[in-house]
**Student:** 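Dropping the structure in here first, questions after.
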Amino acid sequence: MYPLLDQIDTPGKLRKLDRAALPQLARELRAFLLSSVARTGGHLSSNLGTVELTIALHYVFDTPRDRVVWDVGHQTYAHKTLTGRRAALDRLRMAGGPSGFPRRVESEFDTFGTAHSSTSISAALGMAVATQRKGEQRSVVAVIGDGAMSAGMAFEALNNAGTAGADLLVVLNDNEMSISEPVGALNNYLAKLLSSRLYNTVRRGGKEVLSKLPPVRELAKRWEEHMKGMVLPGTLFEEFGFNYIGPIDGHDLDTLVKTLANVKALKGPQLLHVVTRKGYGYARAEDDPVLYHGVTRFDPAAGYTPKASAKPAYTQIFGDWLCDMAATDTRLIGITPAMREGSGLVRFSQEYPARYFDVGIAEQHAVTFAAGLACEGLKPVVAIYSTFLQRAYDQLIHDVALQDLPVVFAIDRAGIVGADGATHLGAFDLAYLRCLPNMTVMAPSDENECRQMLYTAFTLDTPSAVRYPRGAGPGVPVQREMTTLPVGRGEVRREAKRRTQRIAILAFGSVVAPALAAAEMLDATVVNMRFVKPLDGALVARLARDHDAFVTVEEGVVMGGAGSAVAESLAAAGIEIPLLQLGLPDKFLDHGDPAELLAGCGLDARGIAASIQARFGQRPAEIIARPAA
């Protein structure tokens, strides 16, 4: 089915192919990726767009000896296919299968683990400097998209790379044509010319001669910059100290291979601008690259249609609340760091475009921008994934919490995220939020509570966060009317029937439902704590008086999390009571089915009951059979 691709399981075999065979390999590789992702789900349009670039990089560079660092990493399925993992892709992003992103533990060809944006240039520069320091001879390449180039970290790295003196190639994969217009033969010719040894030898030699004649040298420099600026959008990168080459057609393998071969021989920092098209080769993905960015299983012949859920996802609950709230309060401003679709802001962006800000992949800026808005009396709402808020922690502390500004953080993807794995694990937000002065932290147990918590957060004049998991909740109907919840107050959802050996399960957020199911097995009290900070210390103290043991349950790390808050509250009140803390373990969880991962952490109903039984010696069957006292 794939005559050429079937022969390639390492880049070494790829490099043995005649260059004329590469276009056929690209067609086969693209067809394989479309078929494979349609069976497993995953990132599609971004991977279809980098087929030729991936082939050219492995064809020209001696990988893995030469280092190639992929930014973000959701465009590396072709890379995984060509580096010995093709057979394993039928379990892509599933337990035991390959990650959807590069991982150093997965392959020697994955030179740096990535999944968050804009890290590639920094990492590659570190490798290039290390190579120079050790006296080794190898090339180092960073592949970064134009979207990732919007982050400050990318520019910090460019600024450093321009003066570090190391040999580094940055490939700017411009897949949205946000930097340049579509390119043609003239641009390809210019790129090959500007990357050639002859051009660069003459360029360096001319500079050496002119260095003795300062006025003429300055004139020549200005002429060169002017001429390049007329035909190429590379002046910015030249100012950073890079030799800019491009733009070239990223789907023209002949041009890619020739240009990369030329650039490989150059010294110092080089930037190659490559223009690609997301979804290339599959018309439906080309027409709607956003829809086909991340897909579940589908039939390529029929096209992809997202499956409607019987229950609304928390993301939708947030998006609907945001629009409803905006209709009643003109001070509301919605902010997202390049996650409009993922965070549920599509409708808001359409209905309130003047109050919607997508700041790009710039989490730090998003948080401080929100702080500035709050200083002037507006009410900013920052929609952000738990794992992405980590990138703006200094701004969260210094610019928001320290100044006690009323910024609302709607934190999506909290807890286990499933197929995206360890890099997107929202396990740490409760721990890193609850230690901040002035911060109110809420965790809803269902859809309606999420809406009411968002409204409660919006009414506060201090920083606040509402964290909710990926996907749908237990299916509780959402009330359109919005009411404020009493801050720092939990609610008892179930009372134990027995009067002795009573256990109280203090559950936070998404694990209230499995805690209730476990309580039915054990005849335990269950409390929906609602607030991680401020904690309902009065309720905790009251429960301690008529219960024999406490169990805390949270979909976050145990160390420093909500259970720790309960332990601190008990210690402050001088209360001694057996305490079992259940939550995510002290390790990074791999990708897999969310329900299976949750069960593996003992956070489903059976796992919670089993942990309580193991700690306190009670068997569910015996307790159920025992009549209430």
Side-chain angles (χ1 to χ4, degrees), residues 43 46-47 49-50 53 57 67-76 79 99-104 110-129 140-162 164 166 168-176 178-179 236-237 239-242 244 269-274 276 278 293-294 335-340 342-343 357-369 382-396 413 420-425:
H43 294 100
S46 54
N47 282 289
T50 55
L53 178 58
L57 285 168
R67 314 299 198 211
V68 177
V69 180
W70 296 88
D71 208 281
V72 183
H74 59 219
Q75 74 277 41
T76 54
H79 162 77
S99 167
F101 305 99
R103 299 182 73 191
R104 284 170 55 83
D110 292 358
T111 57
F112 194 76
T114 56
H116 286 190
S117 159
S118 314
T119 62
S120 61
I121 304 176
S122 297
L125 177 60
M127 295 176 183
V129 170
V140 181
V141 183
V143 184
I144 184 170
D146 56 311
M149 194 65 86
S150 69
M153 185 175 179
F155 283 90
E156 292 171 13
L158 287 173
N159 185 55
N160 187 203
L168 172 68
L169 169 60
V170 175
V171 176
L172 173 58
N173 177 27
D174 177 5
N175 56 26
E176 292 291 351
S178 58
I179 296 177
L236 172 65
F237 301 112
E239 292 298 326
F240 273 116
F242 280 76
Y244 173 87
Q270 311 291 323
L271 190 138
L272 174 62
H273 181 177
V274 175
T276 61
K278 283 186 175 180
H293 173 73
I335 303 168
T336 177
M339 293 304 296
R340 184 184 69 160
S343 293
F357 291 88
D358 182 345
V359 301
I361 303 174
E363 295 87 356
Q364 293 172 297
H365 165 60
V367 173
T368 305
F369 172 55
V382 180
I384 192 167
Y385 288 9
S386 170
T387 187
F388 295 158
L389 184 56
Q390 296 164 184
R391 310 187 82 187
Y393 195 53
D394 177 63
Q395 288 69 30
L396 185 63
R413 276 29 174 211
D420 284 337
T423 56
H424 287 61
L425 180 66

**Student:** For the backbone of T387 and the side chain of Q390, can you confirm whether one donor and one acceptor N or O come within less than 3.5 Å of each other?
**Tutor:** yes
**Student:** Roughly how far apart are L425 CG and R413 CZ, rounded to 0.5 Å?
**Tutor:** 13.5 Å
**Student:** Mind listing the closest non-hydrogen atom pair of V72 and S117 along with its distance?
**Tutor:** CG2-CA, 3.6 Å
**Student:** Would the distance check show the side chain of S150 and the main-chain N or O of G360 forming a donor-acceptor pair, the cut-off being under 3.5 Å?
**Tutor:** no
**Student:** Do D394 and Q364 have side-chain heavy atoms sitting under 4.5 Å apart?
**Tutor:** no
**Student:** Measuring only between side-chain heavy atoms, which start at C-beta, is S343 closer than 4.5 Å to I384?
**Tutor:** no
**Student:** Any side-chain heavy-atom pair from H74 and H293 closer than 4.5 angstrom?
**Tutor:** yes
**Student:** Please identify each residue that fulfils side-chain contact (heavy atoms from CB on, under 4.5 Å) with P102, with sequence neighbours left out.
**Tutor:** W70, T76, D110, T114
**Student:** Examine distances only and state if a side-chain atom of R104 and a backbone atom of T111 form a donor-acceptor pair shorter than 3.5 Å.
**Tutor:** yes
**Student:** To the nearest 0.5 Å, how far apart are CD in Q395 and CG in L389?
**Tutor:** 10.0 Å
**Student:** Which atom pair, heavy atoms only, marks the closest approach of A154 to I121?
**Tutor:** O-CD1, 4.1 Å
**Student:** Whether the side chain of D146 engages the backbone of N175 through a donor-acceptor N/O pair (distance < 3.5 Å, no angle test) should be reported.
**Tutor:** yes
**Student:** Say whether, by atom type as modelled, one donor and one acceptor occur between the side chain of T336 and the main chain of M339 under 3.5 angstrom.
**Tutor:** yes
**Student:** At what distance, to the nearest 0.5 angstrom, does CD1 of I144 lie from CG of L271?
**Tutor:** 9.5 Å
**Student:** Taking all heavy atoms of F112 and all of V69, pick out the closest pair and write down the distance.
**Tutor:** CB-CG1, 3.9 Å
**Student:** Evaluate the side-chain proximity of F237 to L172: yes if any heavy-atom separation is below 4.5 Å, no if none is.
**Tutor:** yes
**Student:** How long is the straight-line distance from CG of N173 back to OG1 of T276, given to the nearest 0.5 Å?
**Tutor:** 3.5 Å
**Student:** Looking at residues at least two apart in the chain, or sitting in another chain, which of them share a ring-ring contact (aromatic ring centres under 6.0 Å, His included) with H424?
**Tutor:** F101, H116, F388
**Student:** Counting N and O atoms only, with roles assigned by atom type, does the side chain of D71 sit under 3.5 Å from a partner on the main chain of V143, one being a donor and the other an acceptor?
**Tutor:** no
**Student:** List in chain and number order the residues that pass side-chain contact (heavy atoms from CB on, under 4.5 Å) with S122, two or more places apart in sequence or in another chain; answer none if no residue qualifies.
**Tutor:** M153, A157
**Student:** For the CZ atom of R391 and the CG atom of L396, what is their distance to the nearest 0.5 Å?
**Tutor:** 15.0 Å
**Student:** Could you tell me whether the side chain of L158 reaches within less than 4.5 Å of the side chain of M149, counting heavy atoms only?
**Tutor:** yes
**Student:** What pair of heavy atoms forms the shortest contact from P269 to G162, and how long is it?
**Tutor:** CG-CA, 4.3 Å
**Student:** Measure the OG-CD distance between S118 and E363 for me, rounded to the nearest 0.5 Å.
**Tutor:** 7.5 Å
**Student:** Would you name the heavy atoms of V359 and A366 that are closest together and state the gap between them?
**Tutor:** CG2-CB, 3.7 Å
**Student:** Considering non-hydrogen atoms only, spot the tightest contact between H43 and D420 and give its length.
**Tutor:** CE1-OD1, 4.3 Å
**Student:** Once the angle between the rings of Y244 and H273 is folded into 0 to 90°, is it parallel (under 30°), tilted (30 to 60°) or perpendicular (over 60°)?
**Tutor:** perpendicular
